Enquirer: 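One structure, as structure tokens, below. Some questions next.
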2 protein chains.
Amino acid sequence: MTPAFELPQIAPESFERADAARNRERILCAARRLFDERGAGCVSMDDVAEEAGVGKGTLFRRFGSRASLAAAVLSERERNFQEAIIRGEPPLGPGAPPCERLVAFGESLLDTLEAHTELFLAAEIGPGRFVHPAYVVHRLHVTLLLREADPVCDAEMLSDTLLAALGADLFIHLRRVRGMSLERLKQGWGELVGRTVPAPEQAGV
Amino acid sequence: MTPAFELPQIAPESFERADAARNRERILCAARRLFDERGAGCVSMDDVAEEAGVGKGTLFRRFGSRASLAAAVLSERERNFQEAIIRGEPPLGPGAPPCERLVAFGESLLDTLEAHTELFLAAEIGPGRFVHPAYVVHRLHVTLLLREADPVCDAEMLSDTLLAALGADLFIHLRRVRGMSLERLKQGWGELVGRTVPAPEQAGV
DNA sequence: TGGTTGACCGGACTTCAGTCCGTTTCGCAT
DNA sequence: ATGCGAAACGGACTGAAGTCCGGTCAACCA
């Protein structure tokens with residue numbers, strides 16, 4: 001039981017041997033390709049190892065778990081998303097009121113979920129989901145916006161609570177099993193946010 | 001207001017052969033015992049089958065999956081819970097305003113989560129979580145209360161959204177990893193519900 | 001350039017959920 | 001009682017995630 005996480009996105013560790021770097025790249029490449037052509041649900045770790053021309057031990061050494069590999073594959077898109085949040089145009093980026101930014105945040109995440117449903121599902125299973133860098137960043141973002149909109153609320157907890165509404169398993173259920181449209185999910189998110197954090201200029205209901 | 005629906009619990013199907021009933025009881029008994037003494041996380045399906053003196057095929061024939069078995073073990077408590085919701089005293093049962101009933105619902109669920117964390121976690125993994133009778137009943141309950149409190153909201157979707165805040169994996173994270181107290185979780189739930197569905201007599205904030 | 005070291009490699013191995021199918025047993029009708 | 005068909009039984013089998021460990025080789029230093 002090694003709870004050690006590779007931080008797949010931000011930086012390779014202090015120093016990485018040449019063969020290690022090469023294999024990491026090969027694995028990511030193979031995983032991306034296989035996930036893309038078969039869907040994440042139909043790709044085993046053995047498949048990835050073979051496609052990458054790498055032993056299974058190496059695969060797990062670099063990425064720790066299946067969920068972590070899926071998250072790493074998503075990390076490029078995630079980096080763009082974070083960039084848009086931190087430095088992009090409003091309403092996703094800074095400049096808009098918190099409520100609108102939260103709505104934009106959720107809608108953007110829902111779009112990404114729609115486009116990469118299976119990959120997200122693979123990335124969100126097991127413990128450690130809430131500890132993954134991407135999730136931590138999302139939570140921090142939501143926490144700050146909540147606190148800005150309403151300094152007295154328990155933003156630390158509300159943020160996790162709101163993010164739970166954007167989980168991949170729930171998304172799949174609402175979208176595929178119950179057949180709700182993406183538009184409806186977005187409106188639902190907007191409704192939830194609108195009720196949770198009222199806009200400042202809104203005096204009475 | 002009178003939910004005269006028959007709960008689709010784990011009711012034995014139309015007719016159950018004597019050996020089937022006997023084995024089902026044995027399995028439930030063994031599972032309860034093992035889960036109780038080792039914690040659900042440390043009990044494999046083979047363990048349960050052996051303890052019950054039953055083949056593995058039988059185990060899966062009766063319960064379908066590990067998650068489903070865990071849910072079945074929880075079902076007695078769940079039945080009591082449903083009883084309290086449908087016919088019990090307010091604020092959990094009928095008679096209190098929807099907002100208060102929702103708060104009581106969540107607090108009660110959080111208490112149960114606190115007492116049987118691992119079992120809930122085992123029961124909530126995999127797809128089919130949202131299709132399980134217990135979840136469906138919870139959602140229906142929340143949906144009706146939401147609709148009663150605010151007929152114009154998208155209660156169908158908000159109910160799933162709110163219930164996501166009571167998921168076992170999130171509970172474990174908040175409680176054990178982030179170290180929040182049970183009391184704080186209850187307050188957070190109250191805050192979320194209070195914002196989502198304002199009480200009717202509450203004119204201004 | 002050649003030696004040393006420790007990180008890295010790979011694939012066999014373990015564990016566990018879930019499936020399959022030949023065999024057994026139950027319930028019923030005669 | 002007895003024969004029959006359907007349902008249940010059980011355990012060997014499969015497939016996949018994650019672990020282990022002996023061998024290898026990249027980096028660095030002399």
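Proteins get letters first, then strands, A, B, ... in listed order; numbering begins at 1 in each. Nothing here was measured: the structure is a model prediction, and the numbers come from that model.
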Enquirer: Let me know the distance between CD1 of B:Ile125 and P of D:dA17, rounded to the nearest Å.
Expert: 15 Å
Enquirer: Applying side-chain contact (heavy atoms from CB on, under 4.5 Å), name anything that partners A:Asp19, two or more places apart in sequence or on another chain.
Expert: A:Arg17, A:Arg22
Enquirer: Write out all pairs satisfying ring pair (Phe, Tyr, Trp, His ring centres under 6.0 Å) with one or both partners inside residues 160-182 of chain A, taking only residues at least two apart or from two chains.
Expert: A:His173-B:Phe130
Enquirer: Applying side chain to side chain donor-acceptor pair (under 3.5 Å), name anything that partners B:Ser159, two or more places apart in sequence or on another chain.
Expert: B:Thr143
Enquirer: Hey, can you pull the residues of residues 31-40 of chain B with a non-hydrogen atom under 4.0 angstrom from DNA chain D?
Expert: none
Enquirer: Under the side chain to side chain donor-acceptor pair (under 3.5 Å) rule, collect the residues that match up with B:Asp154, sequence neighbours excluded.
Expert: A:Arg184
Enquirer: Can you list the residues that meet the side chain to side chain donor-acceptor pair (under 3.5 Å) rule with A:Asp150, with sequence neighbours excluded?
Expert: B:Arg195
Enquirer: Write down the distance between CZ (A:Arg66) and P (D:dA17), rounded to a whole number of angstrom.
Expert: 5 Å
Enquirer: I need a per-nucleotide contact map over nucleotides 8-13 of chain C, read 5' to 3'. Cutoff is protein heavy atoms under 4.0 Å; write B for the base, S for backbone only, - otherwise.
Expert: SSBB--
Enquirer: Rounded to the nearest angstrom, tell me the gap between atom CE in B:Met45 and atom P in D:dG10.
Expert: 15 Å
Enquirer: Salt bridge check: are A:Glu16 and A:Arg62 linked by an N-O gap of less than 4.0 Å?
Expert: yes
Enquirer: Which pairs pass salt bridge (charged side-chain N to carboxylate O under 4.0 Å, His left out) with one or both residues in residues 137-147 of chain A, sequence neighbours excluded?
Expert: A:Arg139-A:Asp160, A:Arg147-A:Glu156
Enquirer: Mind checking what makes side chain to side chain donor-acceptor pair (under 3.5 Å) contact with A:Asp111, not counting sequence neighbours?
Expert: A:Lys186
Enquirer: Just the rounded figure in Å: distance from C1' of D:dG10 to CZ of B:Arg26.
Expert: 12 Å
Enquirer: Could you state the CG-P distance from B:Asp46 to C:dC16, rounded to the nearest angstrom?
Expert: 8 Å
Enquirer: To the nearest angstrom, how far is B:Phe63 atom CZ from C:dG18 atom P?
Expert: 14 Å
